[in-house]
> 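The structure that follows is given in the form of structure tokens.
By convention in this document, chain letters (A, B, ...) are assigned in the order of the sequence lines, proteins followed by strands, and residues within each chain are numbered from 1. Any value given below was found using the heavy atoms of this structure, including those in side chains, with hydrogens, waters and symmetry copies removed.
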Amino acid sequence: MYQLTKLENNLESLLLEFNISEKIDIRLSKDESYDLQINNLVKYQKHPKINEILKRFKNELGNESFIEEYSIGNKNFINIEVNLHEFVNSLENIRNFIKVHNPQSIIFDYGGPNIGKPLHVGHLRSLNIGRSLYNINKLAGNKVFSDIHLGDWGMPIAQIIQYGIENKIDFKKITIEELEEIYPSASDLYLKNSQFMESAQSVNKNLNDNNKDLINIWKNIKSVSLKSLKSTLEKLYHDFDLWKGESDVNSLIPPMLESLKENNKISLDDGAYISNLETDPKILITKSDGSYLYLTTDLATVLDRLKNTMFDKTFYVVDKRQKLHFEQLFSSLKYFDFPDKEYAHISFGTLNDSEGNPFKTREGGTKKLIDLFDETYNYIEKINEKLDENSKHILTNTVLTYSDLITNRNTDYKFDLEKFTNVNGKTGIYVQYANVRANKLITDSLLDTSDFSIKISKLDDSDKNLLKSYIKFEFYFQQAIQNNEPHHLADYLYELSRQFNAMYQGVNILENPDSDLKHNKLINTKFFLIYSSLLMECLGILPVKKM
RNA sequence: GCUCUCGUAGCUCAAAUGGAUAGAGCAACAGACUUCUAAUCUGUAGGUUAUAGGUUCGAGUCCUAUCGAGAGCGCCA
């Protein structure tokens, strides 16, 4: 952790004197009576100079003011108890402690909603995980860009246009409702009717070639769709820095392909261009009619970003079934000699209904995200009829976010509305409730917030448990940012909230005759609010004022 | 057929990348309310980590096999 960086460095250079190159890792202790542990010496139990090493370690540990006490157990596990007084004095600075040393520039690619159809439940995870990682990296001091990366090009659009042409639909007057009806019919027809398929493919080819009439139709569709998309996203408290789409890179593709041909990176196979990279399966770059694929536009998108957005990394927040696509994309970037940058597929599992089956409407179609929002909203309304509209809105988004982020992103999970809206358990409602209680307490107390000191001797167990839990923040934050896994922070927020509630419930704070005890608990509450709010920010959750 | 994930308490999930006695929540059971927001809190019980081997000081985590579940596999995105 931040306060112990110096100690870690000292211990590392100490070991170097014994020709041991070892990264010292101070971690949370498994032993309940301690806070931190160092396990690095376990593997050197039989080192000839272990006794001397231990002696030097004891010297270093003894000189560290942040350490109250330590013990070296069997097998040389080292346990550390932190000095609460020193720790409490540093608590306010948590926002500085989580800053990275070398800030980087990161693009978050949300793997695009398709403009032909409304946001469906499948988009929820990409939005939640993406927003959380975006916030976490921003708090860490990295430069971040979110790009919704719309699916506004390719076969789906061509299918819609061809369907519209055949059914004499006036695209200038088209509504979102009509558009939403066309897409399923068009894609259904595409699979069943080979003549329609050919026509649609020809539309796709002509779009790629910038046919003016088709582009005008496309513009109408996109504008109608985007308006609806933005209104749904606004309701879910999502926004993006970049509203780019696949269409934006269309003009970059022909020169890119020319260059790849010149450099002998791609060649014809059954009329289509495939990568010359030896892979199984082969990587398809264009279709045999010359039109483009998912991979073609993704490659060109990287070119576009290299030109317009300085970046060190790109994170593709896209579901795990597209693993092969991203493996192909990343190996192609390398094989095609694109500039060396970091690319990662932040994959996630499927969101299923409470039975564990894919989410469907009663009619069997894909379920709209806005419908899931409305159902959750109505459910919360039933539980507490007195809530104002804004609180219901925030709580709805809390439920949709927290329940999504509490699980490891790669695990498939079941959306169980009854479970997720329960105040008991690891739910968004529970963490909001603790935050509301704490806020009310501070407001009613008229606490002087300039004095953050605590009387250590007057702390009871519930105070200490809560205070010591703040030690874990940096560890979980690091876990989250290193592995791109928000669930560590979601789980930790529950732990803090539970411990706050335990402290709150123990004794009456405001009416307490012991003024030191009262002061301690109010300051502790203040700390809880700092941490709880910061965690909510990490997760993309707004604190509710009352509930 | 090939490739890749996964299998942890009755249920839903964790486990800091190989560290000590595998942790939470729900459900169950037993308690605490003329409340600073009880939409709460306290306690009890629940495990041969799918199975069988292996690697080493140490394995839920790594390797091999078997069983079981899911996903992907050039002209969709």
> Excluding sequence neighbours, so at least two apart, what forms salt bridge (charged side-chain N to carboxylate O under 4.0 Å, His left out) with K392(A)?
E381(A)

> Do any N or O atoms of the protein come closer than 3.5 Å to N or O atoms of nucleotides 22-28 of chain B, and which pairs are they?
unit_1: A24(B); atom_1: O2'; unit_2: K426(A); atom_2: NZ; d: 3.1
unit_1: G25(B); atom_1: O2'; unit_2: K426(A); atom_2: N; d: 3.4

> Near RNA chain B, counting only heavy atoms under 4.0 Å, which residues of residues 182-193 of chain A show up?
Y190(A)

> Could you list all N or O pairs between the protein and nucleotides 60-62 of chain B that sit under 3.5 Å apart?
none

> Distances under 3.5 Å between protein N/O atoms and the N/O atoms of nucleotides 68-72 of chain B, please, pair by pair.
none

> Heavy atoms within less than 4.0 Å of RNA chain B: which residues of residues 392-411 of chain A have one? Give them sorted by number.
T407(A), N408(A), T411(A)

> At 4.0 Å (heavy atoms only), tell me whether L28(A) reaches a base, stays on the sugar-phosphate, or touches nothing.
base

> Can you name the side-chain contact (heavy atoms from CB on, under 4.5 Å) partners of H487(A), sequence neighbours left out?
N408(A), E485(A)

> Quick one: label D25(A) by what it contacts on the DNA or RNA (base, sugar-phosphate, nothing), any heavy atom closer than 4.0 Å.
sugar-phosphate

> Please set out all donor-acceptor pairs under 3.5 angstrom arising from side-chain atoms of residues 502-509 of chain A, sequence neighbours excluded.
unit_1: Q505(A); atom_1: OE1; unit_2: R437(A); atom_2: NH2; d: 3.2
unit_1: N508(A); atom_1: OD1; unit_2: L510(A); atom_2: N; d: 3.2
unit_1: N508(A); atom_1: OD1; unit_2: E511(A); atom_2: N; d: 2.9

> With the stacking rule set at 5.5 Å and 30°, tell me whether F77(A) counts as stacking on A20(B).
yes

> If you restrict it to nitrogen or oxygen atoms, what contacts under 3.5 Å exist between nucleotides 45-48 of chain B and the protein, and what is each distance?
none

> With K30(A), which residues qualify under side-chain contact (heavy atoms from CB on, under 4.5 Å), at least two apart?
Q37(A)

> For RNA chain B, list all stems, counting runs of three or more consecutive pairs where every pair is Watson-Crick or G-U wobble with both distances under 3.5 Å.
B:1-7 with B:67-73, B:10-13 with B:23-26, B:28-32 with B:40-44, B:50-54 with B:62-66

> Can you tell me which residue pairs pass the side-chain hydrogen bond (donor to acceptor under 3.5 Å, both in side chains) test with a partner in residues 347-360 of chain A, sequence neighbours excluded?
S347(A)-N410(A)

